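Notes to accompany the following structure.
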Amino acid sequence: MGKKEAVKVAAGFVVTVLLLVVAITLLQISFGIKKEEQGLPTQASAAPVVVIDAGHGGMDGGAVAPDGTAEKEINLEISEILACIMEVSGVKAVMTRTEDVMLDGEGLTGSAKLRDLKQRLVIASQYPDALLVSIHCNKFPLESCKGLQVYYSGHTEAEKVAETVQESFLKIDPANHRQIKKADTSIYLLNRAKIPSILVECGFLSNKEELARLKTEEYRKMLALVVAGGILGVI
Ligand SMILES: [Zn+2]
């Protein structure tokens with residue numbers, strides 16, 4: 001890398017960090033107003049809680065892009081950024097995993113995956129007043145298939161959060177016309193969760209355009225910010 005490019009990269013990084021700080025501050029301000037309006041607990045009492053679930057992990061890579069990029073890595077990074085934004089916004093963030101592992105033992109069998117999902121539900125069940133947010137990426141045989149989409153559990157609150165998060169996606173992709181969808185039995189986590197839960201599909205790894213975006217640090221930060229904005233608008 002030449003000196004000029006190095007300076008350019010460094011400048012780009014500084015701009016990204018500054019934008020992130022400004023965005024977080026704005027979220028804090030808007031969340032403060034929301035808390036007052038809705039009479040939600042202030043810092044003196046218990047903070048609202050979000051359980052953030054980075055989909056897959058360990059031997060379960062989730063969807064894998066044609067170039068080998070595994071969904072599990074993208075899910076974890078977006079989840080970690082989302083957790084940071086939640087914390088600075090006064091919301092307690094609980095992660096179901098912070099490492100590249102399956103919960104309750106590694107394995108590629110159906111029963112290992114089921115144990116993993118059950119363990120995620122056990123963690124969520126420890127926070128009966130929380131919102132569960134599961135982060136995933138999609139894949140489809142048709143390359144042209146793309147877009148961001150939010151699924152929700154059968155709780156009224158979950159539908160509301162799903163709507164605001166889905167709407168907030170228009171800020172990063174105005175052409176994204178996907179609609180929220182109520183989870184059926186095929187989405188085990190949302191189907192079994194006792195607390196309001198949403199599952200965010202952050203894009204298709206099988207679509208070249210979305211894969212290229214999802215592989216960049218900046219887009220992941222932007223995605224986390226937009227999801228956070230949607231959650232904070234309701235929580
Ligand atoms: Zn997934």
Side-chain angles (χ1 to χ4, degrees), residues 50-83 94-124 131-143 145-153 158 161-162 165-166 169 173 176 178-193 196-216 219-220 223-224 226-227 230-231:
V50 173
V51 177
I52 301 171
D53 174 54
H56 313 280
M59 287 177 80
D60 174 17
V64 179
D67 70 353
T69 306
E71 179 196 351
K72 62 175 184 176
E73 297 158 22
I74 300 174
N75 296 342
L76 182 56
E77 198 178 308
I78 294 171
S79 298
E80 280 173 340
I81 304 167
L82 180 60
V94 177
M95 303 271 293
T96 57
R97 72 172 175 102
T98 53
E99 284 168 26
D100 183 19
V101 290
M102 282 179 87
L103 304 187
D104 209 8
E106 298 286 335
L108 285 172
T109 58
S111 68
K113 287 189 184 181
L114 190 61
R115 281 202 312 275
D116 171 79
L117 290 171
K118 280 185 175 169
Q119 194 52 39
R120 290 167 199 254
L121 288 175
V122 168
I123 295 169
L131 169 75
L132 171 64
V133 180
S134 189
I135 302 291
H136 285 256
C137 294
N138 229 327
K139 191 183 175 181
F140 198 67
L142 205 62
E143 203 270 333
C145 206
K146 60 177 191 171
L148 303 105
Q149 189 166 26
V150 186
Y151 291 81
Y152 60 95
S153 65
V161 184
V165 173
Q166 188 72 54
F169 281 152
D173 185 3
N176 183 53
R178 287 185 175 271
Q179 303 288 316
I180 59 167
K181 210 168 175 182
K182 189 174 178 181
D184 59 22
T185 49
S186 66
I187 304 183
Y188 186 86
L189 203 73
L190 265 54
N191 198 251
R192 304 294 177 99
S197 313
I198 62 167
L199 185 145
V200 183
E201 290 285 4
C202 296
F204 284 74
L205 298 184
S206 43
N207 179 270
K208 270 186 204 152
E209 216 179 285
E210 281 190 328
L211 173 64
R213 273 195 234 157
L214 283 163
K215 283 169 75 174
T216 70
Y219 187 69
R220 293 174 187 183
L223 255 178
V226 163
V227 172
I231 294 169

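FYI, the numbering just counts along the sequence from 1. Scope of the values below: all heavy atoms of this structure, side chains included, with no hydrogens, waters or symmetry mates. No experiment lies behind these values; they were computed from the predicted model shown. In each ligand, atom 1 is the first atom listed, and ligand 1 is the first ligand listed.
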Okay, side chain of Ser79, backbone of Asn75: is any donor-acceptor separation there less than 3.5 Å?
yes
Given Val200, Val227, Leu223, the one that forms side chain to side chain contact (heavy atoms under 4.5 Å, CB included) with Ile78
Leu223
With no hydrogens and no angle check, do the side chains of Glu71 and His56 hold a donor and an acceptor under 3.5 Å apart?
yes
Identify whether the distance between the nearest side-chain nitrogen and carboxylate oxygen of Glu210 and Lys146 falls below 4.0 Å.
no
Contact check: His56 to the Zn ion (ligand 1), N/O/S below 2.8 Å
yes
Is the Zn ion (ligand 1) less than 2.8 Å from an N/O/S atom of Glu71, whether that atom is in the backbone or a side chain?
yes
Just give me the atom name: the N, O or S atom of His136 closest to the Zn ion (ligand 1).
ND1
